[in-house]
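Reviewing the structure listed below.
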Amino acid sequence: MGCCFSKRRKSEKEAKTEGEEEQPKLYSWDQREKVDPKDYMFSGLKGETVGRLPGKVAGQQFVIQDCENCNIYIFDHSATITIDDCTNCILFLGPVKGSVFFRNCRDCKCTLACQQFRVRDCRKLEVFLCCATQPIIESSTNIKFGCFQWYYPELAAQFKDAGLSIFNNIWSHVHDFTPVSGELNWSILPENAVVQDYVPIPTTEEFKAVRISTEANRSIVPISRGQRQKSSDESCLVVLFADDYTTANARKLIDEMVGKGFFLVQTKEVSMKAEDAQRVFREKASDYFLLLNKGPVIALEFNGEGAVEGCHLIVNEIFNGTKMFVSEKKETASGDVDSFYNFAEIQMGI
């Protein structure tokens, strides 16, 4: 004796039109928007101004190849960017989470920010760079470097999306894998180099909506002197501890010190352990142990005659009540630079 319900199910199945198939299940990965590689590539262009507006790359990989006499602007963050076989091009590349790799390019001018920067088989590149790790060149000549200097409203958020800190920028600590005895394959651009003379703001209708500034005091990345020769034997190390206003306080202090004629040499943002504090703060380390648990610190090195006294005056006047470490006495550059190199060891894992 059969079940009436089983008979009903059987009849329902038989009632289906012959040849009709069940729809396959849809999974979440099937519903993702398909990525067309052509949307993330510029190839074979000549004499054009092209680019991508904020939000149009959104962390994808990007490829630029075989372009000549082009102006290329990527106003968004990306995963990696490779630039191959390009000649006489101008490029702006927004924050790149991984590497930017130039291969077989010549006579190009660039402004870019990335985790890793590599150049191979290139000649005559001029690069305004923000790079979290040591820039590398190989089999290349006449490569010139300056500090990243650029602003538009979306840029700060793009740095965060790419996992980059505006304070981790060792743009001038270049490593040449293929040095030539008696020659220098790379150099630093003049300190008075104007970024807009190299990478001009685009004037095409498409990019007018991007509110760009290349003024030094508006740059998202603090403009540091890097490895340029110091103007004085006196340097000052300042460490700001994590709170809701650390970045704003660091930028304010930089503006005040530079406004008084001192030079920002270099910056770091790094998480510190107790043993790191011992190396950097020495006998004062125990005063700062609890503050280190709040998050990464920001370290700044200033240079110039009277830098230590000038920094103390500014900190006491403007940042009274904010916990900071500031060099307490006038030291030669070697004293403070030794402390700052300790930060480099923490940052780079030396």
Side-chain angles (χ1 to χ4, degrees), residues 42 51 62-65 67-75 77-78 80-151 155 159 162 164 166 168-179 184-202 212 214 216 219-228 266-267:
F42 292 126
F62 211 96
V63 174
I64 301 170
Q65 61 188 19
C67 294
E68 185 177 348
N69 299 320
C70 289
N71 296 351
I72 299 172
Y73 300 88
I74 308 296
F75 293 119
H77 69 102
S78 53
T80 62
I81 297 183
T82 56
I83 304 97
D84 293 329
D85 303 298
C86 290
T87 302
N88 197 32
C89 289
I90 290 171
L91 302 101
F92 173 86
L93 308 178
V96 180
K97 185 174 185 177
S99 64
V100 171
F101 198 177
F102 281 81
R103 295 177 293 199
N104 196 33
C105 296
R106 61 183 177 88
D107 297 303
C108 292
K109 298 175 173 64
C110 329
T111 297
L112 61 99
C114 60
Q115 177 73 20
Q116 298 176 330
F117 179 78
R118 297 180 62 192
V119 171
R120 190 175 71 198
D121 299 319
C122 295
R123 63 181 177 90
K124 199 178 179 183
L125 303 185
E126 293 162 323
V127 186
F128 290 85
L129 179 65
C130 176
C131 189
T133 57
Q134 191 173 26
I136 293 172
I137 68 170
E138 181 180 357
S139 302
S140 300
T141 59
N142 200 11
I143 313 299
K144 298 181 180 180
F145 293 90
C147 183
F148 183 100
Q149 183 176 323
W150 205 270
Y151 167 86
L155 189 53
F159 264 85
L164 301 178
I166 62 173
N168 288 336
N169 182 17
I170 51 175
W171 62 270
S172 64
H173 293 249
V174 180
H175 178 69
D176 186 355
F177 266 125
T178 53
L184 190 61
N185 292 322
W186 68 275
S187 60
I188 294 178
L189 287 163
E191 196 159 9
N192 61 356
V194 179
V195 65
Q196 195 168 334
D197 292 343
Y198 296 79
V199 184
I201 295 174
I212 303 163
T214 58
S219 176
I220 287 293
V221 175
I223 299 171
S224 58
R225 299 193 77 199
Q227 299 213 79
R228 292 189 178 99
Q266 55 182 329
T267 65

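As a basis for the values below, the full set of heavy atoms in this structure was taken, side chains included, without hydrogen atoms, waters or symmetry mates.
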| note | Rounding to 0.5 Å, atoms OG (S140) and CG (L125) come to a distance of 7.0 Å

| request: Check whether any side-chain heavy atom of K97 sits under 4.5 Å from a side-chain heavy atom of Q115, and report yes or no. | output: no

| query | When you check the side-chain N and O atoms of N88 and N69, is any donor under 3.5 Å from an acceptor? | reply | yes

| query | Is the backbone of K109 close enough, under 3.5 Å, to the side chain of E126 for a donor and an acceptor to pair up by distance? | reply | no

| Between Q149 and I223, what is the shortest heavy-atom contact and its length? | OE1-CD1, 3.2 Å

| task | Just do the side chain to side chain contact (heavy atoms under 4.5 Å, CB included) check on F148 and L129 with the steps written out, would you? | result | CA-CA 5 Å; F148 183 100; L129 179 65; 5.8 Å; no

| request: Determine the minimum heavy-atom distance between P222 and C147, stating which atoms define it. | output: O-SG, 3.8 Å

| request: Start with the C-alpha distance between N104 and D121, add both sets of side-chain angles, then the distance that settles side chain to side chain donor-acceptor pair (under 3.5 Å), and finish with yes or no. | output: CA-CA 5 Å; N104 196 33; D121 299 319; over 6 Å; no

| remark: From the list W171, W150, F159, side chain to side chain contact (heavy atoms under 4.5 Å, CB included) with C130 holds only for F159

| query | Got a salt bridge between R103 and D84, using NZ or NE/NH1/NH2 to carboxylate O under 4.0 Å? | reply | yes

| request: For the pair Y198 and F128, name the ring-plane relationship: parallel under 30°, tilted 30 to 60°, perpendicular over 60°. | output: perpendicular

| task | Using atom types as modelled and distance alone, determine if a side-chain donor or acceptor of R228 lies under 3.5 Å from a backbone N or O of L189. | result | yes

| field | Non-hydrogen atoms of T133 and C131 that approach each other most closely | value | O-SG, 3.0 Å

| message | One pair to check against side chain to side chain contact (heavy atoms under 4.5 Å, CB included): V100 and I83. What are the steps and the verdict? | response | CA-CA 8 Å; V100 171; I83 304 97; 3.7 Å; yes

| task | Report the distance from atom CD1 of I170 to atom NE2 of H175, rounding to the nearest 0.5 Å. | result | 12.5 Å

| message | Checking the side chain of S172 only, and the main-chain atoms of G226 only, is there a donor and an acceptor separated by less than 3.5 Å? | response | no

| query | Can you list the steps and then say if I74 with F42 is a side chain to side chain contact (heavy atoms under 4.5 Å, CB included)? | reply | CA-CA 11 Å; I74 308 296; F42 292 126; 3.8 Å; yes

| Under 3.5 Å donor-acceptor, S219 side chain and V221 backbone | yes

| E138 bridged to R120 by N-O distance under 4.0 Å | no

| field | Contact check, side chains of C89 and N71, non-hydrogen atoms, under 4.5 Å | value | no

| Got a second to check how far H77's NE2 is from L155's CG, nearest 0.5 Å? | 11.5 Å

| request: Write down the atom of K124, the atom of I143, and the distance for their closest heavy-atom approach. | output: N-CD1, 4.2 Å

| query | Taking side chain as C-beta onward, heavy atoms only, is S99 less than 4.5 Å from V96? | reply | no

| task | If the plane angle is over 60° it's perpendicular, under 30° parallel, otherwise tilted; pick one for F117 and F145. | result | perpendicular

| said: With a 4.5 Å cut-off on side-chain heavy atoms, are S139 and F177 touching? | reply: no

| said: Working note: C108 + T87, criterion side chain to side chain contact (heavy atoms under 4.5 Å, CB included); need CA distance, chi angles, decisive distance, verdict. | reply: CA-CA 6 Å; C108 292; T87 302; 5.9 Å; no

| Do the ring planes of F75 and Y73 sit parallel (below 30°), tilted (30 to 60°) or perpendicular (above 60°)? | parallel

| said: Is there a side-chain contact between I201 and T214 in this structure, where contact means two heavy atoms from C-beta onward sitting under 4.5 Å apart? | reply: yes

| In a check of side chain to side chain contact (heavy atoms under 4.5 Å, CB included) between L112 and each of V199, I81, L91, L93, which one passes? | L93

| said: Would you say that L184 contacts P179 through its side chain, given a criterion of any heavy-atom pair below 4.5 Å between the two side chains? | reply: no

| query | Tell me, do N185 and I137 make a side-chain contact under 4.5 Å, heavy atoms counted? | reply | yes

| Approximate separation, where rounding is to 0.5 Å, of L164 CG and N169 CG | 10.0 Å

| note | Here the gap from C122 atom SG to F101 atom CZ, rounded to the nearest 0.5 Å, amounts to 8.5 Å

| said: Less than 4.5 Å apart, side chain to side chain, heavy atoms only: is that true for V127 and P135? | reply: no

